[in-house]
2 protein chains.
Amino acid sequence: MRLKKLGFEKVFSETLSEEVGVTSSQVRKDFSIFGITGNKKGGYQVDPLLVQMDQILKKDQIHQVVLVGVGNIGSAILKYRAFEEEGIRIVACFDIDPSKVNPNKKVPVYKIDELESFVKEKKIRIGIVAVPDVVAQQVCHKMIQAGINGILNFAPIKLKGGDDTVIESVNITRKLENVIYFVNNIS
Amino acid sequence: MRLKKLGFEKVFSETLSEEVGVTSSQVRKDFSIFGITGNKKGGYQVDPLLVQMDQILKKDQIHQVVLVGVGNIGSAILKYRAFEEEGIRIVACFDIDPSKVNPNKKVPVYKIDELESFVKEKKIRIGIVAVPDVVAQQVCHKMIQAGINGILNFAPIKLKGGDDTVIESVNITRKLENVIYFVNNIS
DNA sequence: TAGATTGTTAATCGATTAACAATC
DNA sequence: TAGATTGTTAATCGATTAACAATC
């Protein structure tokens, strides 16, 4: 990260916290939980710290992900650069629209019907839902049935999954409405 | 919303909570805060409820928003349908790349230099940041300087603003990493 | 009236922060 | 040693949930 590039060899919880925008307590606590230790006086060594963080977040592995829905948002996510350096790789897309299907692309786009067999064969466990809200729950079901148990959802609805499934939602409209609400009321 | 279309005339906090995925206490409490009252036995009247909610969220007004950065994510947001029905309108985009500038589009794209004068003239107060992380803070500054005090940020960094500014961030990578972390550890 | 649902207060929970002993 | 920083425990805070009196 930036600190490394700047040539720091060691870093204090205080410095890190300012960088990330949290408290120094937070940093120390998190490190403690994950077993990252520092020196009572010298702070944390940057090099081993980075290695440990990568291991914890499993950035040293490639995480295979499927994407359902190649519309506006889906396409944007597909092109999203930041994933690569976090070890995240979208290995296939699925869409209901036949005109979008194209198995010859670098990241192939298949028919939605092929989701289950693909996911099972490749043992994928993570899926991204970028479809209109009316079909989102349905897609979610299909994913879980196929064996996926982690979903990132861009549809503006609350998806229901099983107990052994995490579903994180990104509700852009809601976020923007929060901002609007604040601007109109508080300030 | 859906309940209306289904022809319900009144609705209970319990029903609403299931719909949205929160507790009934939550629903009643929120309504209470905003001064929405129901009948001790009959629940809440759907029609007035919808009207009140629209007023509270100011959906009956048009909220003008500017978008900086017309790359992958910016373009997707520009085409995002859901904004319209929430009264959110992106009135102009700004980009540093001259090849993307085009003032003749339905939603015009201007040079970033024109941000300040535009925002001041139109009295815009909300901005969306969809630029690479290295320039995000800079764009944020420009926005605030121009008079914006609500920002929705898509860059994967923590933006700093003044006290009278809200900054909501959408960190897609972070969200996805949460999912990955869960899948690899908990389940 | 009896049953059901609101509105609000109190209890719980989890996450964040402060504080400080340990120690390099 | 004196000063500084960690690691961890205790305190705080806010948000969520449960509970229940009021009442339609």
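Scope of the values below: all heavy atoms of this structure, side chains included, with no hydrogens, waters or symmetry mates. Each chain gets a letter, A, B and so on, in the order the sequences are listed, and its residues count up from 1.
- Test K59(B), Q61(B), H63(B) against I180(A) for side-chain contact (heavy atoms from CB on, under 4.5 Å) and you get one pass: H63(B).
- Rounded to an integer number of Å, the gap from R28(B) CZ to dT17(D) P is 12 Å.
- For the pair K29(B) NZ and dA19(D) C1', the computed distance is 13 Å after rounding to whole Å.
- The nearest whole Å value for the distance from the CG atom in N39(B) to the C1' atom in dC24(D) is 8 Å.
- Pair check for dT9(C) finds dA18(D); Watson-Crick or G-U wobble, both atom distances under 3.5 Å.
- Judged by distance alone with a 3.5 Å cut-off, no donor-acceptor contact links the side chain of K40(A) to the base of dT23(C).
- Spacing between atom OH of Y44(A) and atom P of dT5(D) amounts to 12 Å, rounded to whole angstrom units.
- Rounded to whole Å, atom P of dT5(C) lies 13 Å from atom CG of L16(B).
- N171(A) and S169(A) form no side-chain donor-acceptor contact under 3.5 Å, judged by distance and modelled atom types alone.
- Taking the six-membered ring for Trp and the full ring otherwise, F12(B) and Y44(B) have centroids separated by 6.0 Å or more.
- Note on T23(B): only backbone sugar-phosphate atoms sit closer than 4.0 angstrom, heavy atoms only; bases stay farther off.
- Positionally, the nearest nucleotide of DNA chain C for V22(A) lies more toward the 5' end than for the other of V22(A) and K41(A).
- Within the structure, salt bridge (charged side-chain N to carboxylate O under 4.0 Å, His left out) contacts touching residues 22-43 of chain B (residues at least two apart or in different chains) do not occur.
- Atom CD in E14(A) sits about 9 Å away from atom P in dT5(D), given to the nearest Å.
- Backbone-only engagement by S13(B) is indicated by non-hydrogen atom pairs under 4.0 Å involving sugar-phosphate atoms exclusively.
- In the displayed structure, I96(B) atom CD1 is contacted under 6.0 Å by at most 12 heavy atoms of other residues, nucleotides or ligands.
- F12(B) places its CZ atom 16 Å from the C1' atom of dG7(C), with the value rounded to the nearest Å.
- Rounding to whole angstrom units, CD1 of residue I36(B) and P of dT6(C) are separated by 13 Å.
- Note on Q26(A): a side-chain N or O is less than 4.0 Å away from OP1 or OP2 of dT17(C).
- Pairing of dT23(C), defined by two Watson-Crick or G-U wobble distances under 3.5 Å, is identified with dA4(D).
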